[in-house]
*Asks:* 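Here it is, the structure in full.
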Number of protein chains: 2
Amino acid sequence: MTCHIARHTGAVTAEGTAQRPASIRDVARLAGVSHQTVSRVLNQHPSIRPETRARVTDAMETLKYRPNRAARVLVTSRSHTLGILTSNRMHYGPSSSIVAIEAAARAAGYSVVTTNLSSTDPEAIDAALEHLLDQAVEGLVVIAPQTRVAAAISSLAIGVPYVTLQSEDDGSHALSVDQIAGARLATRHLLELGHRRIAHLAGPQDWSEAEARLRGFAAELAAWDVPAGEPLLGDWTADAGYRAGRELLDRGGVTAVFSANDQMALGVLSAVREAGRDCPSDLSVVGFDDMPEARHFAPPLTTVRQDFEELGRRCVALLLGRLDGGARSAAPIAPELVLRSSTAPPRAR
Amino acid sequence: MTCHIARHTGAVTAEGTAQRPASIRDVARLAGVSHQTVSRVLNQHPSIRPETRARVTDAMETLKYRPNRAARVLVTSRSHTLGILTSNRMHYGPSSSIVAIEAAARAAGYSVVTTNLSSTDPEAIDAALEHLLDQAVEGLVVIAPQTRVAAAISSLAIGVPYVTLQSEDDGSHALSVDQIAGARLATRHLLELGHRRIAHLAGPQDWSEAEARLRGFAAELAAWDVPAGEPLLGDWTADAGYRAGRELLDRGGVTAVFSANDQMALGVLSAVREAGRDCPSDLSVVGFDDMPEARHFAPPLTTVRQDFEELGRRCVALLLGRLDGGARSAAPIAPELVLRSSTAPPRAR
DNA sequence: GGCGGCGATGTGACGTGTCACATCGCGCGC
DNA sequence: GCGCGCGATGTGACACGTCACATCGCCGCC
């Protein structure tokens, strides 16, 4: 008797276990159904008799079947993957956003590939985008100098929807977290305390967050008819805040600072202390983000809190919605002012 | 005359451009070679005439060809993807590690899928691991309560190598960043300043980092023949540090604290200040990590710096090495003590 | 009683890159 | 002059889910 089936593709050979993981067809064979039926079970197709379904799921379990993502992606050409492009990832805001986005994406059946920008050179941005596109991401979240990245994206003519975490003028790629309202809140607080000479320590202006916060600051001052000086520019780091703080103290004439994030505010506090001055009596400081450490600064920092959870959820919802055509954007998330001890009325003149 | 080729799979129809992205066969057709030759060009096979290679790369460019990752993964059954499992991702150490790992992985042609643990329940851990396994990750980096995760991993019988960021006793899954040496460095510094009643504010003991730092602390004290009290346990947050700081001050009797990370140290500083005491004259504080903000704490924090870049590189190298069989581990990375103003000799008795 | 229709399942092709093997031509050695 | 070997390239199968379509049995309706 000759073996008339020369090669068969069964996973389980006569003896011993096979190396290759079980496929849909192995499951089908064990359950005594066709591979298509197994596929239907996988995809929760309604027309499957409960008894059949049970046989299939049993077979899956005994074979430790795990669907092969690559095969599914190949045939459906949907990767169910989102990409996040970040720079400055170690900062609190971006980190929180990433966590929230990842959670929301996972809940929606998507996974997330992150790439951190080591520099903001166009080449680095291109390389990072290429890397993400190689993963066939279906959408992109940009937490980075958005204007630069946007340029790279349009120059690469990427056919992938993307969103940033901030509101923007055009509104097309925008997720409405109301940075402007937050900045106005912080500024108004200082104005209401009686400050009239208020400096803004802004983030890099190619970040849309930074730009929006600056706009909000300017808008609120204008509404109160208070003149705004040139903003100081920082790079989100405490070091930059420290340098800016020193400069402000040297220059004098300012009674309050609104910093575009908490870490720069920390640097300002440190400069104030080093100069032998006091916060808040010599200089009031307001931050932005409400990082968990902010309440333990010296003094505890008055700041603006953002709801990063909600931000991440909306971000993913927006992106997935856009994948399916619908592109409406939600109402802005209102940020919240958290009062602590780093602000006080200006010292009586 | 009948059309005798009923269906052809050409990407470019008679008129207009096709929707489907170009495949290897489209490139082959345009370049006048076989699909296999294109594949060889993609894989830098040596036996390709330069002229042929040029024709192929030209065709790739005009067709904007981008290799289909899913197809490649399917056939090679190598995903070229690593998974990172984190919790507490917003903290400085983990964030830095992730960034470094991502960079190293990308440099090695791998991409990284991250998953954040919202809780440390076994179910949440299992779900996160399942999620990563669904991505067919080839290796796993665990930045989380390693003992819990390790249990989940072994219960799931995952056939994937994994590493943690810390040295461990068994050494099998360990990446040698010498936490113990770092902790000894910090402790020795306090001892050399003359402190003899030193508290340790430890991290959660199911984190191997926390456990190692505690071990280093105890070892150094033992070497100096100084008794160690019960360590305080924190959860890495500044809030926990604050609570521990209050407890220490209430209890009294301690002249120095070694905190297992900088953020908890910040909380301690804040408690000291709130109690109207002074750091360092009433209480010396040493941190761990050297986050960029540490130098702007009040007072600037003496702490232990880790080289996260190197850590990430080694982590990826170890993981990829293990994929290819070789499993040697590298020499430990030596951490470094950074002296600032939060430590001083104990006040004269 | 026959047929439309639907529920439940099966069949075969497909997508895209890679693998194993086949083929072709040419130079070299004896 | 002939065959070997190698460089360069082509051929067909394959991996594994899903899609489109086919099939089969049964119920209900006229």
*Asks:* Looking only at the side chain of A:Asn68 (C-beta and beyond, no hydrogens), which of the listed nucleotides C:dG10, D:dG17, C:dT18 gets closest?
*Replies:*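 In terms of side-chain proximity for A:Asn68, the closest of C:dG10, D:dG17, C:dT18 is D:dG17.
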*Asks:* Among the candidates D:dA8, C:dT18, D:dG17, find the nucleotide nearest to the side-chain atoms of A:Tyr65.
*Replies:*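 Of all the options, the side chain of A:Tyr65 is nearest to D:dG17.
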*Asks:* Ignoring hydrogens and angles, tell me if any N or O in the side chain of A:Thr147 forms a donor-acceptor pair with the backbone of A:Asp206 under 3.5 Å.
*Replies:*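 Pair found, side chain donor or acceptor close to backbone of A:Asp206.
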*Asks:* Does this structure show an ion pair linking B:Asp58 with B:Arg55, if we count only N-O contacts that are shorter than 4.0 Å?
*Replies:* no
*Asks:* A:Met60 CE to D:dG17 C1': how many Å, rounded?
*Replies:* 11 Å
*Asks:* Taking atom C1' of D:dC16 as reference, at what distance in whole Å does atom CG of A:Asp26 sit?
*Replies:*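 Result: 10 Å.
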*Asks:* B:Gln135 side chain to B:Thr81 main-chain N or O, any donor-acceptor pair under 3.5 Å?
*Replies:*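 No, because the side chain of B:Gln135 does not come within donor-acceptor range (under 3.5 Å) of the backbone of B:Thr81.
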*Asks:* Give, ordered by number, those residues of residues 35-43 of chain A having at least one heavy-atom distance below 4.0 Å to an atom of DNA chain C; if nothing qualifies, reply none.
*Replies:*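 Those residues whose heavy atoms fall under 4.0 Å from DNA chain C, taken from residues 35-43 of chain A in numerical order, are A:His35, A:Gln36, A:Thr37, A:Arg40.
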*Asks:* Of B:Ser34 and A:Arg69, whose closest DNA chain D nucleotide lies nearer the 5' terminus?
*Replies:*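 By nearest-heavy-atom nucleotide position, the 5'-most residue is B:Ser34.
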*Asks:* Using a strict threshold of under 4.0 Å (side-chain N to carboxylate O), is an ion pair present between A:Glu138 and A:Arg322?
*Replies:*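 Here A:Arg322 does not pair with A:Glu138 in a salt bridge, since their nearest N and O are not under 4.0 Å apart.
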*Asks:* What is the distance, rounded to the nearest whole Å, between atom CZ of A:Arg78 and atom P of C:dG15?
*Replies:* 19 Å
*Asks:* Could you tell me whether the phosphate oxygens of C:dG7, OP1 or OP2, come under 4.0 Å of any side-chain nitrogen or oxygen in A:Arg49?
*Replies:*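 No, no such contact exists.
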*Asks:* Rounded off to whole Å, could you give me the CG-to-P distance for the A:Asp134 and C:dT16 pair?
*Replies:* 16 Å
*Asks:* From CZ of A:Arg29 over to P of D:dC16, roughly how many Å is that when rounded to an integer?
*Replies:*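 For the pair A:Arg29 CZ and D:dC16 P, the rounded distance is 11 Å.
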*Asks:* Nearest to the A:Val33 side chain among D:dC16, C:dG17, C:dG10, which nucleotide is it?
*Replies:* C:dG10
*Asks:* Could you check how far CG of A:Leu74 sits from P of C:dA13, rounded to whole Å?
*Replies:*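 Interatomic distance, CG of A:Leu74 to P of C:dA13: 18 Å.
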*Asks:* What's the CD-P distance between A:Glu51 and C:dG7, to the nearest Å?
*Replies:*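 Between P of C:dG7 and CD of A:Glu51: 19 Å.
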*Asks:* Starting from the 5' end of DNA chain D, give me the residue, B:Ala71 or B:Gly32, whose nearest nucleotide shows up first.
*Replies:*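 First, find each residue's nearest nucleotide; the 5'-ward one identifies B:Gly32.
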*Asks:* Identify, with sequence neighbours excluded, every residue that meets ring-ring contact (aromatic ring centres under 6.0 Å, His included) alongside A:Tyr65.
*Replies:*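 By the ring-ring contact (aromatic ring centres under 6.0 Å, His included) rule, A:Tyr65 matches no residue at all.
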*Asks:* Between A:Arg106 and B:Thr115 (side chain of the first, backbone of the second, donor and acceptor by atom type, cut-off under 3.5 Å), is there such a pair?
*Replies:* no
*Asks:* Measure the distance from CZ on B:Arg72 to P on D:dC16 and round it to the nearest whole Å.
*Replies:*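 Spelled out: CZ on B:Arg72 to P on D:dC16 is 18 Å.
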*Asks:* Closer than 4.0 Å, any side-chain N/O of B:Thr52 to the OP1 or OP2 of D:dT9?
*Replies:* yes
*Asks:* Please check if the side chain of A:Thr52 supplies one atom and the backbone of A:Ile48 the other of a donor-acceptor pair under 3.5 Å.
*Replies:* no
*Asks:* From D:dG7, C:dG17, D:dC16, pick the nucleotide closest to the side chain of A:Arg20?
*Replies:* D:dC16
